[in-house]
Amino acid sequence: MTTHAPQAAQAVTLPASLDEAVAALAAMPAAVPVAGGTDLMAAVNSGQLRPAALVGLGRISEIRGWQYQDGHALLGAGLTHARMGRPDFAALIPALAAAARAAGPPQIRNAGTLGGNIASASPTGDALPVLAALEATLVVAGPGGSRREIPVSHLLAGMEMLRGGELIGYVRVPLLHAPQVFLKATGRTGPGRAIASVSLVLDPARRGVRCAVGAIAPMPLRPLDAEQWVASLIDWDNNRALVPEALAAFGEYVAAACIPDPAPEEDGSVQPLPPAVLHLRRTVAALARRALGRALS
C-alpha cells in the first residue's frame, strides 16, 4: 500500500529467458528490471523512482537455482533469500545462507533476490560482505547472448559498471569446503538492518583468512593487512590452533583498519573519535573476534 498513487508504468514485459530479458532492456533503455521488488517498490512508494517501463524477471527459471561448475557454485541471480536459507544451501555456502536468514522478515526473504541485493548495492545488504569475503564473481548477460565476468568487489566499488542492456545472470562462488561465518549487529532485537556486519572465511588450501566488513561504508571493506597477519599466526597443521590473545588482537586490528583514527591536526594533536563512532568500532571488533573464533572452533 502507498499513500499516493505512483505513475503507472507504460509497459510491463515478462520474458521467459535471460536473453529475452536482455533484449527487452536493449529495446527499452528506460526500462527497469524487477525481480523481488523489495528495494524497487520502496523507492517507488517514497517517490524517488518513477519507472517508465518494467522488465519482470520472475518467470526466468534458469536464474532461480544453482549448479556446480569446476569447483565453484554457479548461483542464479534470481535465488531468493528464503531459498538460500534452507539447509541444503547452507551445507554448500554456510555464510551466505546465514546472511540470507538474517535479511529481514519472512516477506522480505521470500521476495528479495541475490541479484537484487547486488544490483541495489545498499551498504546494509547482508549478502554483500559474504560475497566480498568469498571473492565471488558476477556473470553478466549482455546483448546478442554475450557473457562477461567481473568481480563482485569491482561492481560494488564502481570500478566496473553494468552497461546498457546488461543484467546480472549468475554469481560464481568458490566452494572452499571450510568454515565460514556471517555475523551482524542491528539496532534492535530480531531481524533488522545491520549497523555493522562481518563475514569471515577460512581458505586452508591457501592458508589464508578472508574477512569483509559491511554496513559501515558504502561498500564492504577488506582489512587485508589484518587478514595476512592473523593467517600467519594460525597453526594450519595442528587443527588450526590460535592463541586466545590473537583473537582479541585481530578484532581490534580489523576495527582500526575499517574505522581509523582521525588524521592529526596541524599542531600534531589528534581528536578523539565521537562516542557513536567509537561504539561502532567496538562493535566491529567484537564481531570480527567472534567470527574468527567460531570459524576456528
Side-chain angles (χ1 to χ4, degrees), residues 33-46 49 56-58 60 63-66 73-136 138 152-153 155-156 168-173 180-201 211-221 280 283-284 287-288 290-291 294-295:
V34 55
T38 54
D39 291 321
L40 175 68
M41 291 312 300
V44 169
N45 287 342
S46 65
L49 181 65
L57 309 179
I60 306 176
I63 61 172
R64 296 174 68 87
W66 69 83
L74 194 63
L75 312 178
L79 275 169
T80 64
H81 299 303
R83 184 66 190 89
M84 291 187 291
R86 294 181 186 174
D88 58 341
F89 190 93
L92 188 71
I93 311 174
L96 192 53
R101 289 193 292 265
Q107 60 268 33
I108 296 295
R109 298 198 302 272
N110 288 334
T113 63
L114 177 61
N117 212 220
I118 299 168
S120 297
S122 169
T124 57
D126 291 320
L128 303 185
V130 179
L131 296 175
L134 289 169
E135 298 182 345
L138 301 178
V152 168
S153 57
L155 180 71
L156 298 177
I168 299 172
Y170 303 92
V171 182
R172 190 187 306 278
V173 177
Q180 48 186 260
V181 178
F182 170 80
L183 298 174
K184 80 174 186 178
T186 65
R188 59 190 178 93
T189 58
R193 289 186 178 275
I195 59 173
S197 60
V198 169
S199 180
L200 188 135
V201 176
C211 177
V213 179
I216 66 171
M219 58 169 286
L221 304 178
L280 184 61
T283 300
V284 171
L287 290 175
R290 293 170 188 169
R294 291 187 185 185

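Side-chain contact between L138 and L131 is absent, with no heavy-atom pair separated by less than 4.5 Å. The side-chain heavy atoms of R172 and L134, taken from C-beta on, include no pair separated by under 4.5 Å. Within the 4.5 Å cutoff, the side chain of V198 has no heavy atoms near those of the P129 side chain.
Note that CG of L183 and CZ of R294 are 5.0 Å apart. Values are rounded to the nearest 0.5 Å. Rounded to the nearest 0.5 Å, atoms CG (L287) and OG (S199) are 11.5 Å apart. A distance of 12.0 Å separates CG of L75 from CD1 of I63, quoted to the nearest 0.5 Å. To the nearest 0.5 Å, atoms NE2 (H81) and OG1 (T113) are separated by 6.5 Å. Taking OG1 from T124 and CG from N117, the interatomic distance works out to 8.5 Å, rounded to the nearest 0.5 Å. Put simply, CH2 on W66 and CD1 on I93 are 8.5 Å apart, with the number rounded to the nearest 0.5 Å.
Annotation: salt bridge (Lys or Arg N to Asp or Glu O under 4.0 Å) contacts of R64 (sequence neighbours excluded): none. By the side chain to side chain donor-acceptor pair (under 3.5 Å) test, T283 pairs with no residue at all, sequence neighbours left out.
Residue pairs satisfying the salt bridge (charged side-chain N to carboxylate O under 4.0 Å, His left out) criterion with at least one member in residues 120-135, sequence neighbours excluded, are listed as follows: D126-K184, E135-R210, E135-R222.
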